[in-house]
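Atoms within each ligand, like the ligands themselves, are counted from 1 in listed order. When a residue number appears, it is its place in the shown sequence, counting from 1.
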Amino acid sequence: MLEIRDIHTSYGKIAALKGVSLDIADGGLTCLLGPNGAGKTTLIWTIAGILKARAGSMKLDGEEIAGLRAPQIVGKGIVTVPENRLVFPEMTVRDNLIAGSFSRRKDKGGVARDLEEVLERFPRLRERANQDAGTLSGGEQQMLAVGRALMARPKILLMDEPSTGLAPIIVEEIFQIIGQLRDEGKTIFLVEQNAHMALDYADHFYLLEQGHVTFGGVPGEVDHDELIQRAYLGARKAS
Ligand SMILES: Nc1ncnc2c1ncn2[C@@H]1O[C@H](COP(=O)(O)OP(=O)(O)O)[C@@H](O)[C@H]1O
Ligand SMILES: [Mg+2]
């Protein structure tokens with residue numbers, strides 16, 4: 001369990017997170033909703049150790065991890081699937097995947113086994129293993145981003161808007177993958193614009209607005225349409 005308490009993160013003088021508290025429960029899918037500019041990506045980067053919180057605490061199974069640097073956070077099993085995928089376009093699919101195991105690069109046998117597992121999970125990546133990642137479709141690049149994260153052997157996956165810009169049928173596929181990972185016992189923290197889909201899959205959700213968590217709960221216990229209306233202030237559904 002990751003317990004986030006009263007986290008403040010700023011860009012210079014601009015406060016982006018103004019005291020964020022939430023729990024990411026073991027083995028569950030926790031979803032973070034909220035309008036553009038709310039601070040969702042900032043929270044992911046703060047958990048990942050890429051941005052440094054000005055104040056607050058983040059405890060992983062009771063151990064303070066606020067202040068650790070990004071590679072140490074990965075070493076604790078917290079791995080990010082970044083917004084806009086950020087695959088290396090001029091590297092092959094295989095090399096992109098291997099890059100995900102950088103923190104364990106000395107464990108050649110383990111890396112080879114994990115690579116085989118990821119290629120087993122994503123047959124389309126196996127077919128394209130020798131292709132440059134830049135030649136993949138958006139959906140395939142998203143699978144690659146997930147596969148690369150899996151190569152780091154995550155306990156907790158932080159996913160920033162994995163469905164953005166993808167066709168509805170591909171979004172379905174991405175959510176099926178997310179649901180499958182959750183069913184396998186991974187802990188997932190998902191930031192999503194596609195709130196309908198997210199609420200269908202989530203065990204727990206939070207709403208972030210202007211750097212504050214303003215609401216949280218269990219999806220089945222709230223009126224989804226009303227919540228989405230509130231979260232996106234009339235923003236159109238993504239699908
Ligand atoms: N590099 C940056 N420098 C200054 N302000 C930033 C930077 N990145 C994000 N912000 C600001 O921080 C706030 C939160 O942004 P972000 O975390 O990207 O929101 P979200 O992911 O919810 O759309 C916004 O007001 C945004 O303009
Ligand atoms: Mg964002």
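Heavy atoms of other residues, nucleotides or ligands lying less than 6.0 angstrom from CD of Glu64 number more than 12.
Among the backbone and side-chain atoms of Thr41, an N/O/S atom is found under 2.8 Å from the Mg ion (ligand 2).
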Mind running salt bridge (charged side-chain N to carboxylate O under 4.0 Å, His left out) on Arg148 and Asp95 for me, showing each step along the way?
CA-CA 9 Å; Arg148 185 181 53 187; Asp95 287 346; over 6 Å; no
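Panel note: side chain Gln141, backbone Leu136; a donor-acceptor pair is recorded below 3.5 Å. Under a 3.5 Å cut-off, the side chain of Tyr206 and the backbone N or O of Thr30 do not form any donor-acceptor pair.
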Atom pairs and distances, side-chain donor-acceptor, residues 172-180, under 3.5 Å, sequence neighbours left out:
| from | atom 1 | to | atom 2 | distance (Å) |
| --- | --- | --- | --- | --- |
| Glu173 | OE1 | Arg124 | NH2 | 3.2 |
| Glu173 | OE2 | Arg124 | NH2 | 2.1 |

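Residues Leu97 and Phe102 do not share a hydrophobic cluster, clusters being chains of Ile/Leu/Val/Met/Phe/Trp/Tyr side chains in contact below 4.5 Å.
Within 4.0 Å of ligand 1, contacts by protein heavy atoms are made from Tyr11, Ala16, Pro35, Asn36, Gly37, Ala38, Gly39, Lys40, Thr41, Thr42.
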